[in-house]
Number of protein chains: 2
Amino acid sequence: MNPQKSSTIGDVAAEANVSVATVSRALRGLPNVAESTRRRIEEVAERLRYQPDPSASRLASGKSSTVAIIVPTLEGWYFSTVMAASTTALTKGGYESLIIVDAVDDSAGRLVDRSVLKGVDGVILINMALSDSKRETLQRSAIPVVSIGMKIEGFSAVSIDDVALGFEATSHLAGLGHKTVGVITGLKWNPFQFEVSDRRLAGHMAARSHFSLVKDDDLVVGGDFSMVGGYNAMLKLMERPERPSALLAFSDEMACGAWLAARSLGLSVPEDISIIGVDDHPMSELWGLTTIAQNVTSHGGLAAELLLKLLKESDDVGDIEVETTLIQRSSTRVV
Amino acid sequence: MNPQKSSTIGDVAAEANVSVATVSRALRGLPNVAESTRRRIEEVAERLRYQPDPSASRLASGKSSTVAIIVPTLEGWYFSTVMAASTTALTKGGYESLIIVDAVDDSAGRLVDRSVLKGVDGVILINMALSDSKRETLQRSAIPVVSIGMKIEGFSAVSIDDVALGFEATSHLAGLGHKTVGVITGLKWNPFQFEVSDRRLAGHMAARSHFSLVKDDDLVVGGDFSMVGGYNAMLKLMERPERPSALLAFSDEMACGAWLAARSLGLSVPEDISIIGVDDHPMSELWGLTTIAQNVTSHGGLAAELLLKLLKESDDVGDIEVETTLIQRSSTRVV
DNA sequence: AATACTAATGTAAGCGTTTACAGCACTGCT
DNA sequence: AGCAGTGCTGTAAACGCTTACATTAGTATT
């Protein structure tokens with residue numbers, strides 16, 4: 001009936017005829033406890049189904065063994081994949097994952113408001129653009145932070161060279177003879193979070209000049225990193241009198257959405273239009289989509305490991321820049 | 001330099017010339033504290049940047065304001081979507097979300113092993129089949145649990161009628177005149193987690209008999225709820241001499257993967273084969289995929305709200321069965 | 001004016017750990 | 001025999017809150 005209070009370290013100590021200190025040491029594998037005592041304590045703990053109370057450990061030790069994973073949204077393949085990878089690595093390292101959705105337009109901001117930061121040992125930021133006040137709060141908290149996908153002053157980061165990526169993708173297209181290339185960016189995605197998209201666009205623009213491509217403004221339209229966004233963006237792009245012969249989408253999901261839009265307009269890929277995406281989403285191979293792979297899973301894992309290292313050694317570990325590679329499949333061809 | 005110890009409730013109390021008890025009451029909005037005092041305390045707290053230490057609150061109050069969201073995997077649209085919805089609702093309700101990946105093949109099982117359960121006020125299970133020992137552990141912990149997608153004895157659940165779903169999808173196909181319908185299930189998905197897939201299959205089988213459809217065993221092949229899985233399953237299905245004229249895939253992602261496979265074999269949808277999926281994934285509209293919608297987002301939200309209610313009133317709230325609806329688009333047609 | 005409430009605040013005992021320090025029983029050395 | 005060292009264990013003070021209970025002052029009731 002009464003959900004019988006679960007046993008505490010004291011119960012175990014009493015039952016095993018030792019002090020709580022010894023139980024604490026024994027159960028955590030610390031040295032200086034006789035093998036025989038340890039075994040006895042473990043046996044008692046098992047029998048009593050003793051589980052240390054995390055809150056009490058935290059309060060006493062100051063360590064929570066949990067890290068906050070902060071994301072602007074949970075929607076879309078990118079975020080869930082990175083998060084999954086980070087969580088897995090963190091679990092392996094003995095940490096729990098507290099997930100926090102901190103929409104940027106949420107003016108208050110979960111991050112600043114709540115006392116979450118006092119409850120975690122570290123923070124992983126996934127593609128989070130921080131307002132100054134949030135960055136400051138985070139910095140002042142003095143807990144290790146690693147950012148994924150975006151370099152943020154003062155924190156370690158795992159990222160790619162988005163500018164180079166934009167350039168490379170475009171130059172692939174240019175190399176195939178395309179002069180008019182449309183771009184679907186991620187501008188709409190997050191009002192305060194232009195950065196990734198902007199950098200890729202900067203790379204594209206550089207290539208545009210370098211290869212003397214058509215420079216019209218209406219060749220760039222905003223998506224939101226989703227298939228639906230890509231679909232709609234493509235429709236808009238195709239309203240142009242002179243249709244682009246190639247398309248660069250800043251994510252594979254948008255690229256596939258655009259592909260579907262193209263098809264709905266009666267266009268074939270790559271016969272009528274070449275498409276290149278970014279990510280190397282698992283479905284891209286099925287589509288035969290040419291893309292710039294960025295190994296999203298490893299981003300998440302690397303960041304977690306970086307954080308784990310910071311948590312242990314606490315001296316600053318540098319940034320990691322992950323390589324991207326062009327994977328040429330059948331969605332792009334010479335014009 | 002020294003990450004200057006952040007201020008405690010004691011600091012605030014001293015600065016405001018009141019006792020810690022009053023500060024505690026004031027900051028938590030409890031009654032019985034004079035407006036003037038409250039304002040003064042709030043002002044001091046603000047100035048000192050005081051944030052209560054969650055571990056200490058938890059230890060003292062016994063409530064952690066966090067709930068564990070337990071999933072077998074984080075991969076795939078379904079899980080990330082449900083999780084996102086739950087997290088959002090929980091945040092709104094003042095709870096943090098601890099995410100726990102408890103792969104079933106992980107014999108030990110995070111759930112049983114670690115003292116996670118002592119650190120949370122509630123649990124949301126997303127499509128988790130529990131071993132008996134895990135269910136027992138959970139039950140013994142006496143904390144509220146709600147299960148999504150699967151009814152589990154002893155816990156509240158938010159789910160759909162998977163058997164009916166399997167029947168309805170099949171009868172839609174049968175109604176269009178199809179006699180040979182292939183099925184892509186989710187068997188491979190999780191070795192211990194056949195249940196959802198099995199129930200849908202049972203519904204399908206019932207319809208198969210009811211409508212006198214072709215009954216060959218090789219009309220049912222296992223996918224893993226992903227596009228890639230659907231693609232491969234479709235390839236396998238099509239090795240059959242007498243090809244099915246219609247396909248039921250237990251998720252939209254698999255359906256689309258199958259669609260791509262069909263195309264790679266030179267088949268058109270729905271001319272050569274009709275396809276129906278399950279979920280109403282956002283991309284399904286773009287494809288024109290006929291599907292049984294199950295409003296995944298609302299599942300996550302409803303479950304969270306159910307849990308919130310349990311957390312408050314603690315009397316047993318019943319189960320919720322969410323409606324599913326057939327959405328007919330252009331991927332199915334008369335044979 | 002004495003009594004009974006009520007509202008605001010304070011006191012202090014937990015909550016269940018961790019950990020610095022002390023203590024004790026040996027062993028081995030001089 | 002005395003002493004230092006070592007290995008194991010116990011004592012007790014934190015950790016930073018919440019909360020039952022006590023106290024005080026002020027107001028209303030008779």
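- Residues that satisfy the side chain to side chain contact (heavy atoms under 4.5 Å, CB included) test with A:A60, not counting sequence neighbours, are absent from this structure.
- Atoms CG (B:N32) and C1' (C:dC5) sit 13 Å apart, rounded to a whole Å.
- B:T81 meets the side chain to side chain donor-acceptor pair (under 3.5 Å) test with B:W77; sequence neighbours excluded.
- Regarding B:R39, its CZ atom lies at a distance of 13 Å from the P atom of C:dA8, rounded to whole Å.
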Expected string for nucleotides 14-23 of chain C under the B/S/- scheme (protein heavy atoms, under 4.0 Å, primed atoms plus P, OP1, OP2 as sugar-phosphate) is BBBBSB----

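- Rounded to 10 degrees, the angle separating the terminal helix axes of the helix from C:dA1-D:dT30 to C:dT30-D:dA1, each built from five base pairs, is 50°.
- Residue B:S55 comes nearest to A:L59 through the heavy atom pair CB-N, 3.9 Å, listed as atom of the first residue, atom of the second, then distance.
- Residue pairs meeting the salt bridge (Lys or Arg N to Asp or Glu O under 4.0 Å) criterion with at least one partner in residues 142-153 of chain A, sequence neighbours excluded, are A:K151-A:E321.
- For A:S64, the side chain to side chain contact (heavy atoms under 4.5 Å, CB included) partners at least two apart in sequence or on another chain are A:R58, A:T66, A:D121.
- When rounded to the nearest whole Å, the span between NZ of B:K63 and C1' of D:dT19 equals 15 Å.
- With sequence neighbours excluded, the residues satisfying salt bridge (charged side-chain N to carboxylate O under 4.0 Å, His left out) with B:R38 are B:E35.
- One interatomic measurement links the two molecules: CZ of A:R38 to P of D:dC8, which rounds to 9 Å at whole-angstrom precision.
- If you check every strand for non-hydrogen atoms under 4.0 Å, B:N17 touches sugar and phosphate atoms only.
- Atom CZ in A:R58 sits roughly 19 Å away from atom C1' in D:dA14 (whole-Å rounding).
- By the salt bridge (charged side-chain N to carboxylate O under 4.0 Å, His left out) test, A:R25 pairs with no residue at all, sequence neighbours left out.
- Annotation: salt bridge (charged side-chain N to carboxylate O under 4.0 Å, His left out) contacts of A:R47 (sequence neighbours excluded): A:E15, A:E43.
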